[in-house]
Amino acid sequence: GVYAIIGSAAMLSAVSRMTVSLVVIIFELTDGIDYIMPTTIVILVAKWVSDAFGRDGIYDELILLHDYPYLNNKMEFVFNETAADVMKSRDLC
């Protein structure tokens with residue numbers, strides 16, 4: 001029981017790069033306050049190890065793999081046009 005919960009939390013943390021929210025989810029599922037500290041430690045270690053292999057989680061990698069359009073919040077974008085400029089152009093459709 002307990003090892004399966006801790007192991008699944010570590011696996012999910014390593015794959016999705018979630019930390020605090022995953023601890024809360026596991027706590028809500030198990031309703032065991034005794035498991036908060038071991039779960040937190042395991043999740044942090046799993047995230048640190050997975051960050052050593054790459055910074056992006058599996059969902060970011062799948063977006064890049066399938067070439068889905070998205071706005072990356074880790075990059076800086078410079079916009080030179082305002083919304084009014086875009087709406088005035090006739091190349092909308």
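Because the structure is a prediction, the values reported are computed rather than measured.
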Atom pair NZ/OG1 of Lys47 and Thr19 - distance to nearest 0.5 Å: 6.5 Å

Arg17 side-chain N/O to Tyr59 backbone N/O, donor-acceptor pair under 3.5 Å: no

Rounded distance (nearest 0.5 Å) linking atom OG1 of Thr82 with atom CG of Asn80: 10.5 Å

Tyr3 atom OH: more than 12 heavy-atom contacts under 6.0 Å: no

Pair Asp60 + Arg55: basic N to acidic O under 4.0 Å: no

CD1/Ile58: more than 12 non-hydrogen atoms of other groups inside 6.0 Å: no

Contact check, side chains of Val23 and Ile26, non-hydrogen atoms, under 4.5 Å: no

Connected via hydrophobic side-chain network under 4.5 Å: Leu12 and Phe27: yes

Within one Ile-Leu-Val-Met-Phe-Trp-Tyr cluster: Ile33 and Val2, side-chain cutoff 4.5 Å: no

Shortest non-hydrogen contact between Ala46 and Ala14, atoms and distance: O-CB, 4.0 Å

Neighbour count >12 (heavy atoms, 6.0 Å) for atom CG, Leu65: yes

Between CG on residue Leu44 and OG1 on residue Thr39, distance to nearest 0.5 Å: 11.0 Å

Tyr70 atom OH, neighbour heavy-atom count above 12 within 6.0 Å: yes

Check: Ser13 side chain, Met18 main-chain N or O, donor-acceptor pair, under 3.5 Å: yes

Spatial distance of atom CD1 (Ile43) from atom CG (Leu22) [nearest 0.5 Å]: 4.0 Å

Hydrophobic cluster identity match, Ile41 and Tyr35, side-chain contacts under 4.5 Å: no

